[in-house]
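A short worksheet on the structure shown next.
Below, chain A is the first sequence line, B the second, and so on; all start at residue 1. From a predicted model like this one, the values you see are computed outputs, not experimental measurements.
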2 protein chains.
Amino acid sequence: MERQPVLDDKVTIMDIAKAAGVSKSTVSLVLNNSSLVRHETAVKVKETAEKMGYVYNRSAANLRNGTSNIIGMVVNDLSNSFFVELLIGAERRLLSSNYITLLAHTGEDLKLQDQVLASMREQKAAGVILCPALYTSPNLTTTLKNWGLPFVTVMRSLNDEQSDFVGCDNYLGIQMATQHLIGLGHRDIAFIGRDITNSVSVVRQQGYTDCLEKNNIPVNPQLMVESDISMMGGKKGMKKLLSLRKCPSAVVCYNDLIAIGVLSEINEQGLITGRDIAVVGSDGVASSAFCSPPLTTVVLHSEKIGELASQVLLKRLKNPELPPIRHLLKPELRIRKSCGAYLK
Amino acid sequence: MERQPVLDDKVTIMDIAKAAGVSKSTVSLVLNNSSLVRHETAVKVKETAEKMGYVYNRSAANLRNGTSNIIGMVVNDLSNSFFVELLIGAERRLLSSNYITLLAHTGEDLKLQDQVLASMREQKAAGVILCPALYTSPNLTTTLKNWGLPFVTVMRSLNDEQSDFVGCDNYLGIQMATQHLIGLGHRDIAFIGRDITNSVSVVRQQGYTDCLEKNNIPVNPQLMVESDISMMGGKKGMKKLLSLRKCPSAVVCYNDLIAIGVLSEINEQGLITGRDIAVVGSDGVASSAFCSPPLTTVVLHSEKIGELASQVLLKRLKNPELPPIRHLLKPELRIRKSCGAYLK
DNA sequence: CTGAAAGCGCTTACAG
DNA sequence: CTGAAAGCGCTTACAG
């Protein structure tokens, strides 16, 4: 087989224009599928470009256009598969509209978040999908607006009703989880994942306490366990609960990551989840169906949220004058074995 | 609080030059931290730029330079957290060298892979980290070389010893897993995740069969179960094994994803993993430590592989003339409860 | 150490 | 429907 020579990437629209016998304006119009050019001309130009091994130079187009086909995606926690699923949904949707995804993982690091946003601005990203890090200042929305960088925040709102936002009804979700446990006869129900600095945690915890109160169940502060938002956090939280004089009979977890840690600790102690202790998670990550036992959880539709976030941003790019677009998706309780419902 | 006006992003090096009383060449040199400029001049220029709200325009620099600070990252399967961890490691390393990560998830789709690689080429990516999709043609390396696009393949080699590659010793890893089970007294050992079209699966399966033979244990084709590389695949594979007249006493899984499905099925059937059936996974994803019971697995050091891949690519960018850089990381067996070792 | 000049490869009014 | 021209904001030899 003959070895193809290394191409120099040096074919430009000028070369195509010359070869096809048209002007470079025409070539440019063809490449952008303009309707101004006669069909036959367009075909000829495209064939010539193909034949000459032409590669569109986006750097040049970006400079000229003052923008790009790049969308920045800033994610706070990729070790949580909820956000990975969200990312997958968002990226797929962007690609199908010919945008590509510049990814940055902040790991909840605010300085890193500032840095990557600044970098995306330099890069002339057309817009940004932002899953904000913990402690992100509400001023960030002002900054991004001053930059003229369109954005949509996801999951965590930055207290700015004037910005585009896609999230889910965290309050309702945890209420559904708690109510379900109460319906199964539980009264000593714990909550693991308390974190007063995390707005989502605050809301979810509120859903939990309000639900208890609505059912005339006293709220026991000992049963609201602070923890890291991680599997290890859940494990430690459960360990703490198991060491109480009176261990609760059921646990509502801030999210599935924590729930997985909780299941692990229950198993390690030789107890049976669902029989000895009921556990409910939140988020509905793919692996929740494959826990041992399968995890009852509040499904938030991660991929759909990602897709929707992309869609909102694309809509915003098309029409900057649109009023704020805000979506709050309804969660869904998926009942599996970890809550013990199937033992009744 | 006064509302800052929307900046026009219109400050250029010309404006800074004028304001600072130097030429724009000097400004450019300062922005690129050239040592050609006197320190005081550099300071003055930087202060002026800061004061004027200057934003470096990478599109312009990219066009002029013919390259960019963008690295493409093409990943075959983000639903496998092994690759997510790898991505996290790679992205972090790139960012620390002032490169940013263009992400594309192929989901093992070859056409999508071609498309995103072409897009990264248009984008003038400086290089690409490629976790190839299944069935990727070995010719892809030739294509990328002809494009002049530096790349490193990760995990799956494309049979091209002349390309940079970072992976791990799959053969050794599965051998360690199998040998461990044999050491625990097992002789009926199954392998789930057989896939003759997946080069990694072929190698891992070879490690398994060779290890059996070395120990004079006959290889039983019935115990080599084909399956999707997913939790569901593992679950179905285990279901099949449990329905055999003589169920094996131990299972080596192609990876942790499959192992998690296997644990789930064992649990669902009312059996106890580690006591009734020993299970070993491969990859060492973070969640393997939080399975019920914790999963014995071959740790491949996902984040380290990602970091190393970035490092190799950066080295290649600095010195294109270097001979091929190839790393094969040594795996490590992490013994937990799922193999039953702690019951003895 | 600094300045004037050319050019990277596009797109877009504008004139025809 | 097509062509000539200007310009996006940088970087880099080159001359001084």
Can you confirm whether more than 12 heavy atoms, excluding those of B:E50, are under 6.0 Å from its CD atom?
no
Quick one: do the B:S23 and B:T26 side chains pair a donor with an acceptor below 3.5 Å?
yes
Remember a base hit wins even if backbone is also touched, and classify B:N62 as base, sugar-phosphate or nothing at under 4.0 Å, heavy atoms.
nothing
When every non-hydrogen atom of A:M120 is compared with those of A:A104, the smallest separation belongs to CE-CB, 3.9 Å
For atom NZ of A:K44 and atom C1' of D:dC1, their distance in whole Å:
13 Å
Could you check how far CG of A:N32 sits from P of C:dG9, rounded to whole Å?
17 Å
Just checking, any donor-acceptor pair under 3.5 angstrom between side chains of A:S163 and A:D160?
yes
Between the side chain of A:N62 and the main-chain N/O of B:S59, is any donor-acceptor distance below 3.5 Å?
no
Separation of A:Y54 atom OH from C:dG9 atom C1', in whole Å?
7 Å
Under the criterion side-chain contact (heavy atoms from CB on, under 4.5 Å), which of A:I100, A:N65, A:N69 is the partner of A:R58?
A:N69
Euclidean distance, atom CD of residue B:Q123 to atom P of C:dG9 [Å, nearest integer]:
16 Å
Secondary structure of DNA chain C per the Watson-Crick/G-U criterion (both distances under 3.5 Å; [ ] crossing, | other strand, . unpaired) is |||.||||||||.|||
Students often get this wrong, so: under 4.0 angstrom with heavy atoms, is B:T67 touching a base, only sugar-phosphate, or nothing?
nothing
OH of A:Y56 versus P of C:dC10: gap in Å, rounded?
7 Å
Among A:E307, A:E303, A:R93, whose side-chain contact (heavy atoms from CB on, under 4.5 Å) with A:I88 holds?
A:E303
Atom-pair distance (CG on A:L31; P on C:dG9), nearest Å:
14 Å
Could you go through the side-chain hydrogen bond (donor to acceptor under 3.5 Å, both in side chains) check for B:E85 and B:S302 one step at a time?
CA-CA 6 Å; B:E85 294 167 5; B:S302 47; 2.5 Å; yes
Would you tell me whether A:T136 and A:Q113 have side-chain atoms, one donor and one acceptor, within less than 3.5 Å of each other?
yes
Readout for nucleotides 2-8 of chain D: B = base within 4.0 Å of protein heavy atom, S = sugar-phosphate only, - = neither; 5' to 3' it is SBBBBBB
